[in-house]
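Residue numbers start from 1 in every chain, and the chains themselves are labelled A, B, ... in the order their sequence lines are given, proteins ahead of strands.
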Amino acid sequence: MRVMVNGEEYVTEKHTITQLLDEMGIVPGRVAVEVSLKVIKRADYDNFSLRDGDVIEIVKFVGGGQLSVSDSE
Amino acid sequence: MEDTLTIKGIEFRSRLWIGTGKYKDFEETRRVIEASGADVVTVAVRRVNITDRKSENLLDHIEPEKYKILPNTAGCYTVEDALRYSRLAREAGVSDMVKLEVIGDEKTLFPDTMGLLMATEILAKEGFIVFPYTNDDPIMAKRLENAGAAAVMPLGAPIGSGLGIRNPYNIKIILEGAKVPVIVDAGVGTASDATFAMELGCDAVLMNTAIAGARDPLAMAEAMRHAVIAGRLAYKAGRIPKKLYATASSPLGGML
């Protein structure tokens, strides 16, 4: 199925967030995930079903003060 | 001598809170935080880089076990965005605290206080510990407090301006009326600005650019640590009143 991940098209056969993060090599501990504008609780990563066309956002913390954001990467 | 700041049951050992933006790398960020003695560090919420997924995480360098991570909603111009970022931050799992910013205008980065008040009320009801970045407006500070803010964070001057505390009288009025802690957020340029804020009676000071933008951020972090401690002590010690004429401090008795 085709989904959007952080603004980019992404093709996957994974159907849960746990599987998707694993496929992408992202450690689930320090990120948050939103699917089509709904924030997903970490406890639901295993059972929330992803669907074709979902818009997924995966975020983390970066250096930031007051609007002065630097990604330091 | 214990002088701990406690907000909603959370104990803060330092009254200097710092932002983590604008540093050249994680190592510098870590060393600055250490030199500042801060135990609260603000962070922003941004997309994971999906083309370079192995990239390091800030939290690998600023251990959440050692510091209190305060996610902000920097860059949010609407209530909806501020709520969205706050909820994501909470789910990223470090705490229920959020430094709430609803920005009104790109040029001044002044808060949109109407939006801020709405967002504060909603998030406080959802159980967030809300730290709203607001104007130096005593009425708005009161309204934020009534809406459930855990503390109010009036600006001293525009973000990154380094102009210091532009309206100490308003900050004093805010302090007089507030039943929640008052933390000056934004505007500090150098150590004396931070001391001044603390001498007014503020509970803490939050800064980023003053340290990150200094020629030697590490030295400035240390200066700020001393500045905040000095200001706090002076406030508690109680300064002498200002007078127009001299008062001799040596005894007059026993003179030849």
Side-chain angles (χ1 to χ4, degrees), chain A residues 1-14 16-50 53-73, chain B residues 18-29 41-62 64 69 71-72 74-76 84-85 87-94 99 101 103 106 109 133 155 158-160 185-186 206-209 211-213:
Chain A
M1 62 181 179
R2 274 170 195 281
V3 293
M4 294 291 283
V5 179
N6 289 2
E8 302 201 16
E9 200 161 282
Y10 188 82
V11 179
T12 182
E13 292 314 313
K14 305 297 181 192
T16 71
I17 292 167
T18 304
Q19 291 168 353
L20 178 74
L21 291 177
D22 185 54
E23 179 178 76
M24 299 186 82
I26 296 168
V27 185
R30 287 169 177 178
V31 296
V33 180
E34 184 193 84
V35 179
S36 301
L37 293 178
K38 185 181 184 330
V39 178
I40 309 301
K41 296 212 174 302
R42 202 168 291 177
D44 296 333
Y45 283 8
D46 276 333
N47 51 40
F48 184 88
S49 302
L50 297 171
D54 270 341
V55 178
I56 301 164
E57 295 288 348
I58 305 170
V59 300
K60 62 171 181 176
F61 292 127
V62 301
Q66 305 118 327
L67 224 120
S68 53
V69 172
S70 67
D71 208 327
S72 297
E73 277 174 4
Chain B
I18 68 172
T20 55
K22 293 184 173 176
Y23 291 104
K24 68 172 193 282
D25 52 31
F26 287 141
E27 181 54 20
E28 186 180 51
T29 313
V41 293
T42 69
V43 298
V45 176
R46 293 294 180 268
R47 280 174 167 168
V48 167
N49 184 346
I50 58 166
T51 48
D52 177 19
R53 298 163 209 158
K54 289 273 180 316
S55 62
E56 287 184 281
N57 193 310
L58 177 67
L59 295 190
D60 295 332
H61 296 262
I62 308 168
I69 309 290
N72 65 29
C76 293
R84 188 182 180 195
Y85 277 72
R87 290 165 184 157
L88 276 167
R90 173 148 84 172
E91 215 39 51
V94 286
K99 198 197 126 195
E101 300 184 21
I103 302 298
E106 226 169 282
L109 298 182
Y133 156 70
L155 52 81
I159 291 169
D185 176 13
L206 194 154
M207 64 182 77
N208 189 161
T209 312
I211 297 175

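When heavy atoms are compared at a cutoff of 4.5 Å, B:A89 approaches chain A by way of both its backbone and its side chain.
Scanning residues 28-38 of chain A against chain B with a 4.5 Å non-hydrogen threshold yields A:G29, A:R30, A:V31, A:A32, A:V33, A:E34, A:L37, sorted by number.
In terms of modelled atom types and a separation under 3.5 Å, the side chain of A:N6 and the main chain of B:V48 share a donor-acceptor contact. Panel note: side chain B:D25, backbone B:E27; a donor-acceptor pair is recorded below 3.5 Å. The closest donor-acceptor contact from the side chain of A:D44 to the backbone of A:N47 lies at 3.5 Å or more, if one exists at all.
Scanning for salt bridge (Lys or Arg N to Asp or Glu O under 4.0 Å) contacts around A:K41 gives B:E91, with sequence neighbours left out.
For the set B:V45, B:V41, B:L88, the count of heavy-atom pairs under 4.5 angstrom toward chain A peaks at B:L88.
Interatomic distance, CG of B:L155 versus CG of B:L109, reported as 10.5 Å (0.5 Å rounding).
In this structure, A:K14 does not pair ionically with A:D22, as no charged nitrogen and carboxylate oxygen lie closer than 4.0 Å.
Remark: the A:D46 side chain and the A:T16 side chain contain no N/O donor-acceptor pair separated by less than 3.5 Å.
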